[in-house]
Amino acid sequence: MSIKTVLRMGHPTLSSRSLEVSQFDTPELHELIQDMKDTMAHMNGAGIAAPQIGVLKRVVIFGFDNNVRYPSEDAVPFTILINPKIEPLNEIMEEGIEGCLSVPGLSGSVPRHVKIRYQGYDPNGDIIDRTVTDFHARVVQHECDHLDGILYPARIKNFSSFGFIE
Ligand code: NI
């Protein structure tokens with residue numbers, strides 16, 4: 001178990017593209033996922049992506065029953081998602097408030113697809129294939145953006161919503 005330092009916006013790793021995982025069920029992969037879990041739990045995150053702890057691999061984790069950062073949102077099942085692919089299922093986008101462990105103290109409204117299909121693998125290499133909506137879809141889009149070096153402020157259209165939470 002170890003809690004890692006979360007890189008902050010401006011660190012070059014956060015704007016890099018992460019690489020596909022080629023081997024599943026390895027000690028290295030399990031250790032990475034455990035570090036991500038520990039770090040996310042320590043910071044009360046709704047999700048975290050591997051590059052946020054300095055590892056440029058296409059691994060994200062997310063999910064919560066209740067989250068202090070998003071108290072009004074429905075639960076999202078805890079998921080470990082590797083080499084994800086996202087397909088928007090229609091053109092509808094909706095604004096919603098997001099924060100990020102790499103952008104501490106700030107939040108802003110971000111347009112995201114409301115309904116998506118996502119596919120990928122779990123740590124054993126078994127296929128994950130889900131169709132989801134709303135906050136679940138938002139969290140997946142936010143976390144997967146990290147794998148392409150995109151932080152949510154780059155998605156903001158209405159900057160009057162962007163600012164310090166306090
Ligand atoms: Ni984030």
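Counting convention: from 1, in listed order, for ligands and their atoms alike.
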Enquirer: Assign the ring pair Phe135 / Phe64 to parallel, tilted or perpendicular, where the plane angle (0 to 90°) is split at 30° and 60°.
Expert: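 Phe135 vs Phe64 ring planes: perpendicular.
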
Enquirer: Would you indicate whether the side-chain heavy atoms of Arg112 and His142 approach each other to under 4.5 Å?
Expert: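 Yes, close enough: below the 4.5 Å cut-off.
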
Enquirer: Would you say Val132 and Ile116 make side-chain contact, with heavy atoms under 4.5 Å?
Expert: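 Yes - at least one pair of side-chain heavy atoms lies under 4.5 Å apart.
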
Enquirer: Please lay out, stage by stage, how Tyr118 and His136 fare under the test ring-ring contact (aromatic ring centres under 6.0 Å, His included).
Expert: CA-CA 11 Å; Tyr118 67 89; His136 188 156; 5.6 Å; yes

Enquirer: Could I get the full list of ring pair (Phe, Tyr, Trp, His ring centres under 6.0 Å) partners for Phe162, not counting sequence neighbours?
Expert: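 Here no residue qualifies.
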
Enquirer: Gln52 versus Glu143: any side-chain heavy-atom pair under 4.5 Å?
Expert: yes

Enquirer: Which of the protein's N, O or S atoms come within less than 2.8 Å of the Ni ion (ligand 1), not counting waters?
Expert: Cys100 SG, His142 NE2, His146 NE2

